[in-house]
Asks: 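Attaching a single structure in structure tokens format; questions to follow.
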Amino acid sequence: MATRADNEKQLKSSLKKIKKEGVVKNFINGKLVTAVSRKTFENTSPVDGKKIADVVSSDHRDIDKAAKAAMKAFQTWRNVDHKERKAILYRIAENIEKYAKEIGPLESYDTGQPIRFTKKSGALRGPANFRYFADKIIDAANGLTTPDTHHLNYSMRQPIGPVGIITPWNAPFMLSTWKIAPALAAGCTIVHKPAEDSPMTAMILARAAHEAGLPDGVWNVVHGLGHSAGKALTEHEDIKAIAFVGETTTGSHIMKQGADTLKRVHFELGGKNPVIVFDDADLDRALDAVVFMKYSLNGERCTSSSRLILHEKVYDKFVKKLKARVSNIKVGNPLDPKTEVGPMIHRAHQEKVLSYAKIAQEGGAKLLAGGTAPRGKLSAGCYVNPTLVEGVTSKMRIGQEEVFGPFLSVMKFKTEAQAIKIANSVKYGLTAYIWTKDGEKAQRMARDVEAGMVWINSQNVRHLPTPFGGVKQSGIGRDGGDYSFEFYMETKNVCVAYGTHQIPKLGI
Ligand code: NAD
């Protein structure tokens, strides 16, 4: 296992390379290019506040170039032989593995996410996404045969065209592969707009794709701010669909921006997910899962369970153990393999997360752990001590709003009906987690909870064929398995006559 020193050495070498290249550029039509405006923005690390790089700040002119390149390349890529397309996607997976050592430390320094998680993006999850969708390429075009007495109908799926992919800062590398792999497998070309707060690993990904022999223009990356580059991408007429992962309010903006060009949209948005623990659950396993699902990935995780809804009979005992575990979580430099929680993405987000400790207490909740920033060596970074509050109700702001940090709210219930009422009392509906040994009760809860994904007696364990997505204001559409192709492809029906049917005659 790589030590902190190994990771720091690797990071140093990556930063040296980045410095030598000067500015982080766009990648359009197979070439690294600066923004038309020549403007840049500074990307800093949440670990120590130091500058990582200047990044090109693109606008509608750069998006236009990328969209046109993607449109031109679409005519080729959609017709590339299935076997060849699959081989290229497999080579991308191999190249990602080749760069995995570089990806983990750079992403940790760029986002603050602990290396124990970021190292998996390059070594495991990114390549797995490409291989999984590569294997589905041939079946992706399949449709249905629906014969009638006088006609034979058959359908097929065809790629929708160039698509825009807009990703957030919390797990940038993994999320980009998760969106881009099925798009390419479907035969679409892409323009990727990475989050301005975590732009660094997007270029390694594009390089891995380029070196795999992907034709120029199939994969374009345009860096910039949401309200300029992001907005222009959602408005461009050559871009047929937008796959977006980010905040609910941004999703709403994108829907409006895309209205004039009738964009198809796929949204993976915010959450305020419940974990319901009954008194008959395996409480030791539930405790492990509750802690993991809120404090892993810095709590900056859309699927995290941020509301623990706990049965009154086990409340005191469970909360006592929970408090001990939360207070013991190791906060530190994300490049250290022992670190469990690293710094928040930036200062403003750190302040936002900390402000919720105050908001929670003003609302009547009791602070049990955290709610502060660590002092001493870590104060240069955007750290937040793992926070736990109890006595939360659905009427409080802390019971409603997404904090997106290492912050868990505990709520109490007595009956199944109460638990469901609390769980469903928010505008979000991404995931829910149910802990009970009573199988029938678990099924009733799974049926009644308003969420796109439910795990029973488990933390979030991702299985690529399953549908991933949220209900209510947590999203529109599903990813995973064939669901991804439903978004990136159009279904075309062909109706063929046997020559036996009547044709109505006019004008005789
Ligand atoms: P964000 O919405 O602020 O930004 C996401 C991306 O959208 C960035 O690339 C940004 O530049 C771009 N953007 C901003 N304004 C835009 C506009 N007007 N038009 C086009 N693009 C625009 O989100 P964030 O703060 O980066 O990420 C955190 C959020 O993402 C949280 O709410 C979290 O729950 C959510 N998230 C959801 C999932 C999921 O699967 N449901 C997964 C990860 C993160």
Side-chain angles (χ1 to χ4, degrees), residues 248 268-283 285-297 299-315 318-319 322 325-326 356 360 363 365 368 386-438 441-462 468-475:
T248 295
E268 289 178 14
L269 310 173
K272 186 79 181 172
N273 309 305
V275 49
I276 302 171
V277 179
F278 283 92
D279 52 329
D280 59 359
D282 180 331
L283 296 176
R285 283 171 74 78
L287 180 65
D288 287 342
V290 165
V291 174
F292 180 75
M293 278 316 300
K294 187 56 254 182
Y295 299 99
S296 58
L297 289 164
E300 295 165 327
R301 177 176 190 161
C302 57
T303 54
S304 71
S305 46
S306 49
R307 291 179 298 148
L308 167 59
I309 305 171
L310 195 50
H311 194 274
E312 61 172 15
K313 272 198 196 154
V314 290
Y315 188 94
F318 197 93
V319 170
L322 178 63
R325 287 282 288 273
V326 174
Y356 273 100
L368 296 180
T387 304
L388 180 68
V389 294
E390 69 165 342
V392 173
T393 70
S394 299
K395 289 205 174 80
M396 297 177 188
R397 275 184 67 189
I398 190 59
Q400 291 291 327
E401 296 171 16
E402 185 185 41
V403 179
F404 216 56
F407 196 119
L408 178 63
S409 300
V410 191
M411 307 165 95
K412 199 187 269 185
F413 79 95
K414 191 173 181 178
T415 64
E416 265 178 67
Q418 272 175 0
I420 282 291
K421 192 172 172 209
I422 298 169
N424 292 347
S425 68
V426 294
K427 66 179 182 180
Y428 299 107
L430 189 59
T431 62
Y433 305 85
I434 315 287
W435 286 86
T436 171
K437 282 186 185 157
D438 178 340
K441 184 161 68 183
Q443 292 305 319
R444 287 193 296 276
M445 300 300 285
R447 180 195 61 197
D448 294 339
V449 71
E450 291 168 354
M453 296 169 277
V454 181
W455 277 269
I456 296 171
N457 296 329
S458 177
Q459 77 281 27
N460 166 353
V461 177
R462 187 82 190 101
F468 184 102
V471 300
K472 295 160 86 178
Q473 292 196 22
S474 284

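Please read all numbers here as calculations on a predicted model, not as lab measurements.
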Asks: Side chains of Ser304 and Leu297: closer than 4.5 Å at any heavy-atom pair?
Replies: no
Asks: Let me confirm one number: the CZ-CE distance from Phe468 to Met453, rounded to the nearest 0.5 Å.
Replies: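 Result: 4.0 Å between the selected atoms.
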Asks: In the structure I gave you, are the side-chain heavy atoms of Arg301 and Asn460 within less than 4.5 Å of one another anywhere?
Replies: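 Yes. Closest side-chain heavy atoms under 4.5 Å.
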Asks: If you define the side chain from C-beta out and look only at heavy atoms, does anything of Lys395 sit under 4.5 Å from Ser425?
Replies: no
Asks: Under the side-chain hydrogen bond (donor to acceptor under 3.5 Å, both in side chains) criterion, do Asn273 and Ser305 qualify, and how do the steps go?
Replies: CA-CA 5 Å; Asn273 309 305; Ser305 46; over 6 Å; no
Asks: Can you find a heavy atom in the side chain of Leu322 that is under 4.5 Å from one in the side chain of Val290?
Replies: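 Answer yes - side chains close enough.
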Asks: What's the separation between atom OG1 in Thr303 and atom CD in Glu268, rounded to the nearest 0.5 Å?
Replies: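 That separation rounds to 10.5 Å.
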Asks: Using the ring of Phe278 (Phe, Tyr or Trp, six-membered ring only), decide whether Lys441 places NZ or CZ under 6.0 Å from its centre and within 45 degrees of its axis.
Replies: yes
Asks: Do Met445 and Ile420 come within less than 4.5 Å of each other through their side chains, counting heavy atoms only?
Replies: yes
Asks: How close do Ile398 and Lys272 get, counting heavy atoms only, and between which atoms?
Replies: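 So the minimum-distance heavy-atom pair works out to O-NZ, 2.9 Å.
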Asks: Which heavy atom of Ile276 sits nearest a heavy atom of Ala419, and at what distance?
Replies: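 Where Ile276 meets Ala419 most closely, the heavy atoms are CG2-CB, 4.0 Å.
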Asks: Are more than 12 heavy atoms from other residues, nucleotides or ligands located less than 6.0 Å from atom CZ of Arg285?
Replies: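 Counting other residues, nucleotides and ligands, CZ of Arg285 stays at 12 neighbours or fewer.
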Asks: What is the distance from atom CZ of Arg444 to atom CD1 of Ile434, rounded to the nearest 0.5 Å?
Replies: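 Taking CZ in Arg444 and CD1 in Ile434, the distance rounds to 11.5 Å.
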Asks: With a 4.5 Å heavy-atom cut-off, do Val392 and Arg307 have their side chains touching?
Replies: no
Asks: Would a 4.5 Å heavy-atom cut-off, applied to side chains only, mark Thr387 and Tyr356 as touching?
Replies: no
Asks: Looking at Ala365 and Val389, what are the two nearest heavy atoms and their distance?
Replies: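 It is CB-CB, 4.4 Å.
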Asks: Quick one: do Lys472 and Glu450 make a salt bridge, cutoff under 4.0 Å?
Replies: yes
Asks: I need the minimum non-hydrogen distance between His311 and Phe413, along with the two atoms involved.
Replies: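 In terms of heavy atoms, the two residues are closest at N-CE2, 3.2 Å.
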Asks: Distance from Lys421 atom NZ to Glu416 atom CD, nearest 0.5 Å?
Replies: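 Separation between the atoms: 15.5 Å.
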Asks: Which pair of non-hydrogen atoms, one from Thr248 and one from Tyr428, has the smallest distance, and what is that distance?
Replies: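 Looks like OG1-CE2, 3.4 Å.
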Asks: Do you know the tightest heavy-atom contact between Thr436 and Ala442?
Replies: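 In terms of heavy atoms, the two residues are closest at CG2-CB, 3.7 Å.
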Asks: Give, for atom CH2 of Trp455 and atom CE of Met293, the distance between the pair rounded to the nearest 0.5 Å.
Replies: 7.0 Å
Asks: I need the Ile456 CD1 to Tyr433 OH distance, nearest 0.5 Å.
Replies: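 Rounded to the nearest 0.5 Å, the CD1-OH separation comes to 13.0 Å.
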Asks: Measure the shortest side-chain to side-chain distance between Val326 and Tyr295 over non-hydrogen atoms and say whether it is less than 4.5 angstrom.
Replies: yes
